[in-house]
Amino acid sequence: MLTDEFGREVTGVRVSLTDRCNFDCVYCHNEGLGDTRGPMEPADNEMDTDDVVRFLEVAAEFDVDAVKFTGGEPLLRQDLEEIIARTPDQMEVSLTTNGSFLPDRAEGLVDAGLERVNVSQDALDPADFAEITKSGAYEKVIEGVEAALEAGLDPVKLNMVVFEHTAGYVPEMVDHVAENDGLQLQLIEYMPELTGKPEWNIDIERVHDWLAERADEIEHREMHNRKRYWVGGGERTDDGSWSGGGMVEIVDPVENPTFCANCHRVRVTHEGYLKGCLNRNDDLRSMGELTKPEIRAAFREVVANRVPYYGEYMVRNDEGEWELNEKYIEEYAGA
Ligand SMILES: Nc1nc2c(ncn2[C@@H]2O[C@H](COP(=O)(O)OP(=O)(O)OP(=O)(O)O)[C@@H](O)[C@H]2O)c(=O)[nH]1
Ligand code: SF4
Ligand code: SF4
């Protein structure tokens, strides 16, 4: 297993398969690559099936045990089932999608080896949904969530970006997952620096406070030190799992050093560049058409250069070594 200078083991990879999408969400940050999102026409700059599989095989050699496929919209890749089927067995396979193509493909994806899915859903009303996504596919997304549950994916996480347009929908989305078996909610902090509309930002701490007042139990997930709130009157069973109610997780990376301190994934862009951080493009290493030895070298180099993005909590001392910034010691210790 590879570990970076900050002691962060790399256990997962996040692979963008395309920057194309059939939606045009107002908050899209396109996995940190800026607004290069294109319409649905075929793109000639995407990794092909073999490029993706070759990279995953090298990642597996480094004991990476989880892969998340993203986009753009990854189901625009007609070879997604093949990629999943050829993913090394040791990896948990998950997918983040807008859900609109799941009605026809959820079952086949599960047959190929998909284990988890996150579906973007920011609203429970078709008109609100259309305003945010610039898409009329609300019914397809609802059908897609159903199809994912029917195909055996449990839980299905609903991804909701919390910003000015959606903040008012949080209570009904929380009730929605609390009342529907198999659904969980992931509330994602708006990232103004990647989307260029700071005026849409809302303070995510208000959402934490609101949930904390209602939660039956609060947990910390190891990854990113994320908080999980169990809501809706469920209870813990004898085997330690939850029964009833629903789970709400908050993804709040912005200016959050403890989030980055627990970041264990490297990323691959649709064009086949490896990078150590979602928010950085200054550390790209080309992967497409490389041989396995070259991919191994690129992987080692990217991990060696990984720096937590919201990382002022790490500073170089006089000897040039990294050490904890005193300013953050209290916050980090409480993580
Ligand atoms: N800055 C930052 N944002 C992240 C990171 N991981 C996820 N996000 C944000 O969270 C959003 C949703 O991510 P998903 O891919 O659906 O889910 P996930 O966060 O990987 O969570 P799991 O499915 O539980 O593993 C992304 O679009 C990003 O905005 C990360 O490592 N750094
Ligand atoms: S569905 Fe995802 S990739 Fe597509 S426009 Fe919306 S946020 Fe961007
Ligand atoms: S270092 Fe921080 S900002 Fe970069 S990918 Fe990891 S959690 Fe996200």
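As the structure lists them, so they are numbered: ligands from 1, and atoms in each ligand from 1. As the structure is a computational prediction, the values presented were derived from the model and not from experiment.
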* To do: Can you sort out which atoms of ligand 1 are near R14, meaning under 4.0 Å from one of its heavy atoms?
  => 6 (N), 7 (C), 13 (O), 14 (P), 15 (O), 20 (O), 26 (C), 27 (O)
* **Carboxylate-amine/guanidinium proximity below 4.0 Å for D4 and R306** => yes
* **Any C263 side-chain heavy atom under 4.5 Å of H224 side chain** => yes
* **Test item, R267 contacting ligand 3 (heavy atom, 4.0 angstrom)** => yes
* Asked: To which protein heavy atom is atom 7 (S) of ligand 3 closest, and what is the distance rounded to 0.1 Å?
  -> F259 CD2, 3.4 Å
* Salt-bridged, R86 to E57, with N to O below 4.0 Å? -> no
* What do you reckon, does R116 put a non-hydrogen atom under 4.0 Å from ligand 1? -> yes
* Should one rank R228, E92, R267, K68 by closest heavy-atom distance to atom 23 (O) of ligand 1, which comes out on top? -> K68
* Applying the side chain to side chain contact (heavy atoms under 4.5 Å, CB included) test to K227, which of E249, H220, E219 qualifies? -> H220
* Mark the output for G72 as yes if a heavy-atom distance to ligand 2 is under 4.0 Å, and as no if none is. => yes
* Asked: Would Q184 and K157 count as a side-chain hydrogen bond (donor to acceptor under 3.5 Å, both in side chains) if you check the C-alpha gap in whole Å, the side-chain angles of each, and the deciding distance to 0.1 Å?
  -> CA-CA 5 Å; Q184 295 183 351; K157 275 183 162 183; 5.2 Å; no
* **Heavy atom of the protein closest to atom 3 (S) of ligand 3 (residue, atom name, distance)** => Y309 CB, 3.5 Å
* **Numbering as shown, the atoms of ligand 1 that approach P253 to under 4.0 Å (heavy-atom distance)** => 1 (N), 2 (C), 3 (N)
* Between D50 and R54, is there a side-chain N and carboxylate O pair less than 4.0 Å apart? -> no
* Under 4.5 Å between any side-chain heavy atoms of V10 and T3, yes or no? -> no
* Within a distance under 4.0 Å of any heavy atom of N159, pick out the atoms of ligand 1 and give their elements. => 12 (C), 14 (P), 16 (O)
* What protein heavy atom is closest to atom 5 (S) of ligand 3, reported as residue, atom name and distance in Å? -> L278 N, 3.2 Å
* For atom 4 (Fe) of ligand 3, what's the nearest protein heavy atom and its distance? -> C277 SG, 2.3 Å
* To do: Just go through I188, D252, L278, V161 and tell me whose heavy atom is the nearest to atom 4 (C) of ligand 1.
  => L278
* **Nearest-contact summary for atom 2 (Fe) of ligand 3 - protein heavy atom, Å** => C260 SG, 2.3 Å
* Polar contact flag, side-chain donor to acceptor under 3.5 angstrom, T49-D79 -> yes
* From atom 14 (P) of ligand 1, work out which of N262, T70, T96 has a heavy atom at the shortest distance. => T96
* Structure fact -> Under 4.0 Å from one or more heavy atoms of Y27, ligand 2 contributes atoms 7 (S)
* Is NZ or CZ of R206 both nearer than 6.0 Å to the six-membered ring centre of W210 and within 45° of the ring axis? -> no
* Are R20 and E73 within salt-bridge range, i.e. N to O under 4.0 Å? -> no
* To do: Can you figure out which of S135, C25, G71, S100 has its heavy atom closest to atom 6 (Fe) of ligand 2?
  => C25
* Determine whether the side chain, the backbone, both or neither of P253 has a heavy atom under 4.0 Å from any heavy atom of ligand 3. => neither
* Below 2.8 Å, any N, O or S contact between C21 and atom 8 (Fe) of ligand 2? -> no
* Is it the side chain (CB and beyond), the backbone, both or neither of R8 that lies under 4.0 Å from ligand 3, heavy atoms counted? -> side chain
* Can an N or O of R265 be found at a distance shorter than 3.5 Å from an N or O of ligand 1? -> yes
* Asked: Is it the side chain (CB and beyond), the backbone, both or neither of E189 that lies under 4.0 Å from ligand 1, heavy atoms counted?
  -> neither
* Asked: In terms of atom number and element, which parts of ligand 2 are under 4.0 angstrom from non-hydrogen atoms of N98?
  -> 1 (S)
* Asked: Given V119, which of L183, N159, L102, I142 fulfils the side chain to side chain contact (heavy atoms under 4.5 Å, CB included) condition?
  -> L102
* **Distance (rounded to the nearest 0.5 Å) between D51 CG and L17 CG** => 11.0 Å
* To do: Under the ring pair (Phe, Tyr, Trp, His ring centres under 6.0 Å) rule, what do Y310 and F259 come out as? Steps first, then yes or no, please.
  => CA-CA 8 Å; Y310 296 109; F259 195 95; 8.5 Å; no
* To do: Could you check which of F259, Y309, Y310 puts a non-hydrogen atom nearest to atom 32 (N) of ligand 1?
  => F259
* Asked: Is the Y27-F163 ring centre distance short of 6.0 angstrom?
  -> yes
* Asked: Considering only heavy atoms of M223, which atoms of ligand 1 have at least one such atom less than 4.0 Å away?
  -> 25 (O)
